[in-house]
Undergrad: 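Structure below; questions to follow.
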Amino acid sequence: MSFPLLTVTAAVPAVGAILTAAVPAARRTAAKWLALLVSLATLALAAVIFVRFEPGGERYQLTESHAWIKDFGVRYELGVDGIGVALIGLTALLIPFIVLAGWHDADPAETSSKRWRPTQGFFALILMVEAMVILSFEATDVFLFYILFEAMLIPMYFLIGGFGDRAHAGSDENAAAQRSYAAVKFLLYNLVGGLIMLAAVIGLYVVAGNFSLTEIAEARANGSLEMATSTERWLFLGFFFAFAVKAPLWPLHTWLPNAMGEATAPVAVLITAVVDKVGTFAMLRFCLGLFPEASTWATPAIVVLALISIVYGALLAVGQRDIKRLVAYASISHFGFIVLGIFAMTSQGQSGATLYMVNHGISTAALMLVAGFLISRRGSRLIADYGGVQKVAPVLAGTFLIGGLATLSLPGLAPFVSEFLVLVGTYARYPVAGVVATTGIVLAALYTLVLYQRTMTGPVREEVKTLPDLRARELAVVVPLIAVLIFLGVFPKPLTDVVNPAVRHTMSDVQQKDPQPAVPIQNAEAAK
């Protein structure tokens, strides 16, 4: 039996979460270091997956399959394609920085307390989310994926509701009420989506007789499984609704600004850069893989929803007064680009969408974590409470600017490559949609540069004169993220080599080919 690398990669943070939670109350620092070491070990395992994955090999590699619930055909079945490998790498890369950034976010007010252990709980919950997200990127059994899709809501609920942002305007009671509201809204939205998906999962089992993604795909390919058009479309809608809530896509997005606004900055990154990627990943793996005809049928409507998300999210970001809510609405706009690329049904669009998932995660992490460091110093999330920060904390202001420029997809930084591919792929099949989507770029420049101008430039406000610059721990968080943004911005080939073969398989699933240019390029002989 080969080494179960995929299981071990998910098991390490799961076991680490249990051990972190069990650290004695008085040993809070030990719990932090344990969580950091576990996250680094997971990153090392993710690197091994990346190295062992063969882009030109089988579609699903490093596979594992074991009987789980035999009576219902449920199996513990794992496998990764290029898209899964890229997102496992993103998750494993970000968690150590999330742990470092949140080093003091869960310290209790009374550090001498020996009974209450919020620090241990905070880092244990983060590691548990990491384990579930990684396993969801590996699952090729639909029922196993559904269990993970729903289970990750539990630790996220406690991270949002139990460890909120301390820079909250108003009384402690009001802050607690806002955190509770955000956590419950997050949970209810995602539970409703999950319940609708459960009905679709059961319907898929009734039609196919099993939950294996690979077996269902093979049965459809060889003609032994025939699915009525109406049945396929209803099942597709059940899956897509749940994924659109998780992503989130307009008009199912309203939980995200509340959740990101009330959570700590590291947890906000965990939400939008890690957990939400499960939704867009699942659109590629399950919606397009299981329901190709229905995916093509629904494409025009989904393209319209994606365009609304792009423009609507960007417009609301422009009008925000709260730094964290601005980043949340910007993320809604970016998820619109990802969904647009997926359903453009072109290889450039889907490759760009996958790269966008990775690059958005890194750029949002850089911007939000620097914003979190800024907010923790000033004690306010309001843009109007800042001004002239670059004169007293130039390194903080500089890293904030780079994170913002990555968010608006400046050439030379990683998000530019993915956004360019999405727009090219969309324009090739839907020219009008491609043109409309470009307005999101203009609006992104507006909300990013206005944010920087109002917080970092101008006269130095009295309240920010004593703000310290980034410390060593904070630099250890931000500098590597910026380095990755620059590296992937000028040399994205390591990711594209892994992603492109998986995209070709997805295009084959939906029986789509890239459209030919409207004006074919003539060769030299024909031109003569």
Undergrad: Should R381 and E262 count as an ion pair when the cut-off is N to O under 4.0 Å?
TA: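 Looking at E262 together with R381, the answer is yes, because their closest N to O distance falls below 4.0 Å.
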Undergrad: Between F186 and Y157, does the ring centre distance come in under 6.0 Å?
TA: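 So the answer is no for these two rings.
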Undergrad: Give me the atom names and distance for the closest heavy-atom approach of F243 to G279.
TA: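 Smallest interatomic distance, heavy atoms only, reads CB-O, 3.5 Å.
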Undergrad: Taking all heavy atoms of T9 and all of A46, pick out the closest pair and write down the distance.
TA: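 The answer is CG2-N, 4.4 Å.
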Undergrad: Does atom CZ of F97 have more than 12 heavy-atom neighbours from other groups under 6.0 Å away?
TA: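 Enclosed.
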Undergrad: Quick check: does any side chain N or O of N359 sit under 3.5 Å from a backbone N or O of A414, one acting as donor and the other as acceptor?
TA: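 Yes, N359 side chain to A414 backbone: donor-acceptor pair under 3.5 Å.
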Undergrad: Within the side chain of R321, is there an N or O that forms a donor-acceptor pair under 3.5 Å with the backbone of I383?
TA: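 No, the answer is negative, given that no donor and acceptor are paired below the 3.5 Å cut-off.
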Undergrad: Just wondering, are more than 12 heavy atoms of other shown residues or ligands nearer than 6.0 Å to CZ in R473?
TA: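 Enclosed: over 12 neighbouring heavy atoms sit under 6.0 Å from CZ of R473.
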Undergrad: Over all heavy atoms of both residues, which pair between V38 and V12 is shortest? Give the atoms and the distance, please.
TA: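 That closest heavy-atom pairing would be CG1-O, 3.6 Å.
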Undergrad: Shortest non-hydrogen contact from A10 to L135?
TA: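 Smallest interatomic distance, heavy atoms only, reads CB-CD1, 3.8 Å.
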Undergrad: With a 3.5 Å distance limit and no angle check, can you tell me whether S309 reaches the backbone of W250 through a side-chain donor-acceptor pair?
TA: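 Yes.
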Undergrad: For L94 versus A273, what's the shortest heavy-atom pair and its separation?
TA: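 Shortest heavy-atom separation between L94 and A273 comes out as CD1-CB, 3.7 Å.
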Undergrad: Is there a side-chain contact (heavy atoms from CB on, under 4.5 Å) between T91 and K277? Walk through the geometry before answering.
TA: CA-CA 9 Å; T91 303; K277 298 302 186 299; over 6 Å; no
Undergrad: Strictly by modelled atom types, are Y447 and Q320 linked by a side-chain donor-acceptor pair under 3.5 Å?
TA: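 Note: Y447 and Q320 side chains miss the donor-acceptor criterion.
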Undergrad: Just say parallel, tilted or perpendicular for the rings of F137 and F281, cut-offs at 30° and 60°.
TA: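 Perpendicular.
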Undergrad: Please tell me if the side chains of L288 and Q350 come closer than 4.5 Å, counting only heavy atoms from C-beta onward.
TA: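 Side chain of L288 against side chain of Q350, heavy atoms only: contact under 4.5 Å found.
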Undergrad: Apply the test ring pair (Phe, Tyr, Trp, His ring centres under 6.0 Å) to residues H253 and Y312: give CA-CA distance (whole Å), side-chain angles for both, the deciding distance (0.1 Å), then the verdict.
TA: CA-CA 11 Å; H253 67 283; Y312 173 84; 5.2 Å; yes
Undergrad: With no hydrogens and no angle check, just 3.5 Å: does a side-chain donor-acceptor pair link Q390 and T457?
TA: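 Result is no, nothing qualifies.
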Undergrad: For the residue pair H505 and D81, establish whether any side-chain heavy-atom pair is separated by less than 4.5 Å.
TA: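 No; the side chains remain at least 4.5 Å from each other.
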Undergrad: Got a donor-acceptor contact below 3.5 angstrom from the E64 side chain to the L6 backbone?
TA: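 Checking the backbone N and O of L6 against the side chain of E64, a donor-acceptor pair under 3.5 Å is found.
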Undergrad: Would the H360 and F335 ring centres measure less than 6.0 Å apart?
TA: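 Yes; F335 has its ring centre under 6.0 Å from that of H360.
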Undergrad: Given the ring of F123, does K32 sit roughly above its face, with NZ or CZ under 6.0 Å from the centre of the six-membered ring and within 45° of the axis?
TA: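 No, K32 and F123 do not form such a contact.
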Undergrad: Any non-hydrogen side-chain atom of V23 less than 4.5 Å from a side-chain atom of R28?
TA: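 No, every pair of side-chain atoms sits at 4.5 Å or beyond.
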Undergrad: Could you pull out the closest heavy-atom pair between V422 and A353, with the gap in Å?
TA: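 Looking at all heavy atoms of both residues, the shortest contact is CG2-N, 3.6 Å.
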Undergrad: Which value, rounded to the nearest 0.5 Å, describes the distance between S39 atom OG and I98 atom CD1?
TA: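 Going from the OG atom of S39 to the CD1 atom of I98 covers 9.5 Å.
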Undergrad: Would you say that more than 12 heavy atoms from the other residues, nucleotides or ligands in this model lie under 6.0 Å from the CZ of R454, or not?
TA: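 For R454, atom CZ is not crowded (no more than 12 foreign heavy atoms under 6.0 Å).
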